[in-house]
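These notes are about the structure you will find just below.
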Protein chains: 2
Amino acid sequence: MADPVAPVRRSSEVTKGVILAAARERFAADGYERATIRSIARDAEIDPSMVMRYFGNKEGLFVAASAFELRLPELGALPGKHIGAVLVSHFLDRWEQDEVLTALLRVGVTNAAGAERMQEILRQQIGPVAAGVCPYPEQAPQRALLVTTQILGMAMARYVLRIPAAVAMDRDEVVAWLAPTVQRYLTAERP
Amino acid sequence: MADPVAPVRRSSEVTKGVILAAARERFAADGYERATIRSIARDAEIDPSMVMRYFGNKEGLFVAASAFELRLPELGALPGKHIGAVLVSHFLDRWEQDEVLTALLRVGVTNAAGAERMQEILRQQIGPVAAGVCPYPEQAPQRALLVTTQILGMAMARYVLRIPAAVAMDRDEVVAWLAPTVQRYLTAERP
DNA sequence: ACTGTTGGTCAACGCTTGTTGGCAACGGTA
DNA sequence: TACCGTTGCCAACAAGCGTTGACCAACAGT
């Protein structure tokens, strides 16, 4: 006789983790609306109702999936002369380590909470650096924004739209080209 | 007696135009999946079935709404020294004149056709310029890509995510800051 | 005046979505 | 052993989606 398919019984924490991993993957690949609770549940090999039980609703699931520690290195203490290269390199790392930032970017385009969180992260990561090295402190927010646009644009091209020429560039090339731009946005006296 | 709500009867071309305008607005504001045929029809004050009649299906509607003449100025003939400023200025114009580019960007994140069209436009607009002024012709595609990332990033920040600091910058400031970056990507000997 | 075409509405279809509530089995504890 | 919270599945709901086909009224040409 075949077993009547006894369901696996894990700890709830483990299950939550599996769901979150699947959610991150789906959100990153499909964006907010096309990443359905059902598809995420299928990936996690669990019933959709469990997702609801643990995370309340879809928005709650997304918030949980995109909440993560930033663990940014001590950028403020780094030498100002290479801050551009360090920043670009840092963000390439973050984007390639896990899918959360890609998910955030894809979701942020259509979902307000995602957009908010994306901005918050960029502000927290770039803001202090700009405040530290910008020659005119009152210009720091604008300088930070400029840096943000360049980093955002490369991320869009490379990880979201996957423009072939952007994917083809290797890490060092990207850093070599973008670092001077970022450096100039942060430290130039004027445009 | 009140009239039994006699439906307005316009020419089909006019109606198509109204639908397309509503579609562009919705796609630009909501992205592909959240811009529903029903909501577009409601904006155009017409029955959803008319949208189907004229454009076949939702994908067809999007293609029609995002098909437009590029009418790029003769960039190739312009002085190479200011090509950066001209390019940035040109794209700011295009993005602010109508909503198609914003729609394309929002949709492109989740819809393959949108992503394809966005890339095609960027390639057509930036590619020839890069080929014209890049010191090493074989590097032209890479240089064009770099320009694309900077323009894409500013567009994301300013028109899609609407980051306050990006919206607050005025046109001339944006051009002043971005132009040297674009200029360098196009004409620098090496990073 | 008749007729075919055109611009328009209405009602429904099949499907998918987020979400809910009930029920079964397991496992620790008393 | 009897209990009870936990983990899980199942079936269903209401709402919204893209899409379809039947039908109606105004027009244009003869």
Side-chain angles (χ1 to χ4, degrees), chain A residues 1-23 26-27 29-66 106-107 110-114, chain B residues 1-23 26-27 29-66 106-107 110-114:
Chain A
M1 318 283 183
D3 288 337
V5 192
V8 210
R9 194 183 169 90
R10 326 104 128 172
S11 124
S12 87
E13 291 308 313
V14 170
T15 300
K16 282 187 191 176
V18 175
I19 294 175
L20 285 179
R26 282 284 178 177
F27 281 128
D30 296 342
Y32 190 76
E33 11 275 332
R34 291 186 36 195
T36 68
I37 288 198
R38 286 171 144 95
S39 69
I40 292 168
R42 208 176 311 126
D43 288 357
E45 292 180 312
I46 205 159
D47 193 88
S49 63
M50 294 299 286
V51 179
M52 303 299 296
R53 188 179 285 174
Y54 287 139
F55 301 100
N57 55 24
K58 189 177 179 177
E59 192 73 29
L61 172 63
F62 173 73
V63 170
S66 62
R106 264 225 171 77
V107 170
T110 48
N111 178 276
Chain B
M1 317 281 182
D3 288 338
V5 193
V8 210
R9 193 181 167 90
R10 324 106 128 171
S11 124
S12 85
E13 290 308 313
V14 170
T15 300
K16 281 188 193 175
V18 175
I19 294 174
L20 285 179
R26 281 284 180 177
F27 280 128
D30 297 341
Y32 191 76
E33 13 274 331
R34 289 186 37 196
T36 68
I37 287 198
R38 286 169 143 97
S39 70
I40 291 167
R42 209 175 309 125
D43 288 357
E45 292 181 312
I46 205 160
D47 194 88
S49 63
M50 293 300 284
V51 179
M52 303 299 295
R53 187 127 94 200
Y54 288 140
F55 302 100
N57 55 26
K58 189 177 180 178
E59 192 74 28
L61 172 63
F62 173 72
V63 170
S66 62
R106 263 224 173 78
V107 170
T110 47
N111 177 278

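Both backbone and side-chain heavy atoms feed into the values below; hydrogens, waters and symmetry mates do not. Every value quoted in this text rests on a predicted model; they were computed, and no experiment measured them. Protein chains get the first letters and strands the later ones, always in sequence-line order, with residue 1 at the start of each.
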Rounded to whole angstrom units, what separation is found between the [atom1] atom of [X] and the [atom2] atom of [N]?
X: B/Glu13; N: C/dG7; atom1: CD; atom2: C1'; value: 12 Å
X: A/Ile19; N: D/dG8; atom1: CD1; atom2: C1'; value: 11 Å
X: A/Ile40; N: C/dT16; atom1: CD1; atom2: P; value: 17 Å
X: B/Glu45; N: C/dG8; atom1: CD; atom2: P; value: 12 Å

The criterion is side chain to side chain contact (heavy atoms under 4.5 Å, CB included); which residues satisfy it with [X], sequence neighbours excluded?
X: A/Val63; result: none
X: A/Thr110; result: A/Tyr32, A/Glu33
X: B/Ala23; result: B/Phe27, B/Ile40, B/Leu61, B/Ala65

Under-4.0 Å side-chain N/O to phosphate OP1/OP2 contact, [X] with [N]:
X: B/Arg10; N: C/dG8; answer: yes
X: A/Ser12; N: D/dT7; answer: yes
X: A/Tyr54; N: D/dT6; answer: no

Counterpart residues, side-chain hydrogen bond (donor to acceptor under 3.5 Å, both in side chains), relative to B/Thr15 (two or more places apart):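 Per chain and number, B/Thr15 pairs via side-chain hydrogen bond (donor to acceptor under 3.5 Å, both in side chains) with no residue.
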Residues 49-57 of chain A side chain polar contacts: donor-acceptor under 3.5 Å, at least two apart:
from	atom 1	to	atom 2	distance (Å)
A/Ser49	OG	A/Asp47	OD2	2.6
A/Asn57	OD1	A/Glu59	N	3.4
A/Asn57	OD1	A/Gly60	N	2.8

From CZ (B/Arg34) to CZ (B/Arg106), nearest 0.5 Å: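 Output value for this atom pair is 8.5 Å.
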Per-nucleotide protein contact string for nucleotides 15-24 of chain D, where B marks a base within reach and S marks sugar-phosphate only (heavy atoms under 4.0 Å, - for neither): --BBSBB---
